[in-house]
Amino acid sequence: MKRSADFAAFCREHGLSVTDQRLAIFEALASSREHPSAEQIHRAVRRRMPSLSLATVYKNLESLKKIGAIADVNPLHEEARYEAALPGTGAGKPHHHLVCVSCKKVRDLFDGDLDGLRVRDTQGFDVRAVRVQAEGLCPDCQRRQ
Ligand SMILES: [Zn+2]
Ligand SMILES: [Zn+2]
């Protein structure tokens, strides 16, 4: 409940109206640890909102990304994967990712040592964050081999 209220406040602060669709999409994202794709979010929300189209999900994800309520996680995947980015949503604090190169699973990785990484050759970029993507085989895929 508090999460929905925070989300609504955040949207209003950023001039985005809070619709039932947006709220449902954000909730689906914030309650998942899977870094779901737009299709997966669509599938989850459609149970409650049968008329919701995939195109609408994409459009809402774009607007939410623009105001910083969600972020896309972009490694190795052909399709974008998303996570909630508001404080208190788990992914709300800076973190890194563990990515399985086989099944494409993405897990959050919190590691203070990695947070301290600095980029030496910034090539003129004003670097604000460094995110590490550790790639390998997840436990499930290791067992399957
Ligand atoms: Zn895997
Ligand atoms: Zn994450």
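Ligands are counted one by one from 1 in listed order, and the atoms in each one are counted from 1 as well.
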Novice: Restricting to N, O or S, what is the name of the atom of H35 that lies nearest the Zn ion (ligand 2)?
Specialist: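 Closest N, O or S atom of H35 to the Zn ion (ligand 2): NE2.
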Novice: May I have the angle between C103 SG and C100 SG with its vertex at the Zn ion (ligand 1), rounded to 10°?
Specialist: 110°
Novice: Can you tell me how the ring of H97 sits relative to the ring of H35, calling it parallel under 30°, perpendicular over 60° and tilted otherwise?
Specialist: perpendicular
Novice: So, the side chain of H42 versus the backbone of A38: is there a donor-acceptor pair under 3.5 Å, distance only?
Specialist: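 Not confirmed, H42 side chain does not pair with A38 backbone.
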Novice: Please state the angle at the Zn ion (ligand 1) spanned by SG of C141 and SG of C138: what is it, rounded to 10 degrees?
Specialist: 100°
Novice: Which N, O or S atom name in E83 marks its closest approach to the Zn ion (ligand 2)?
Specialist: OE1
Novice: Given 3.5 Å as the limit, does a donor-acceptor pair link the side chain of R12 with the main chain of F7, or not?
Specialist: no
Novice: Under 3.5 Å, side chain of Q145 to main-chain N/O of Q142, donor-acceptor pair present?
Specialist: no
Novice: Examine distances only and state if a side-chain atom of S31 and a backbone atom of E27 form a donor-acceptor pair shorter than 3.5 Å.
Specialist: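 At least one qualifying donor-acceptor pair exists.
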Novice: Please give the atom name: the N, O or S atom of D108 nearest to the Zn ion (ligand 2).
Specialist: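 It is OD1, the N, O or S atom of D108 closest to the Zn ion (ligand 2).
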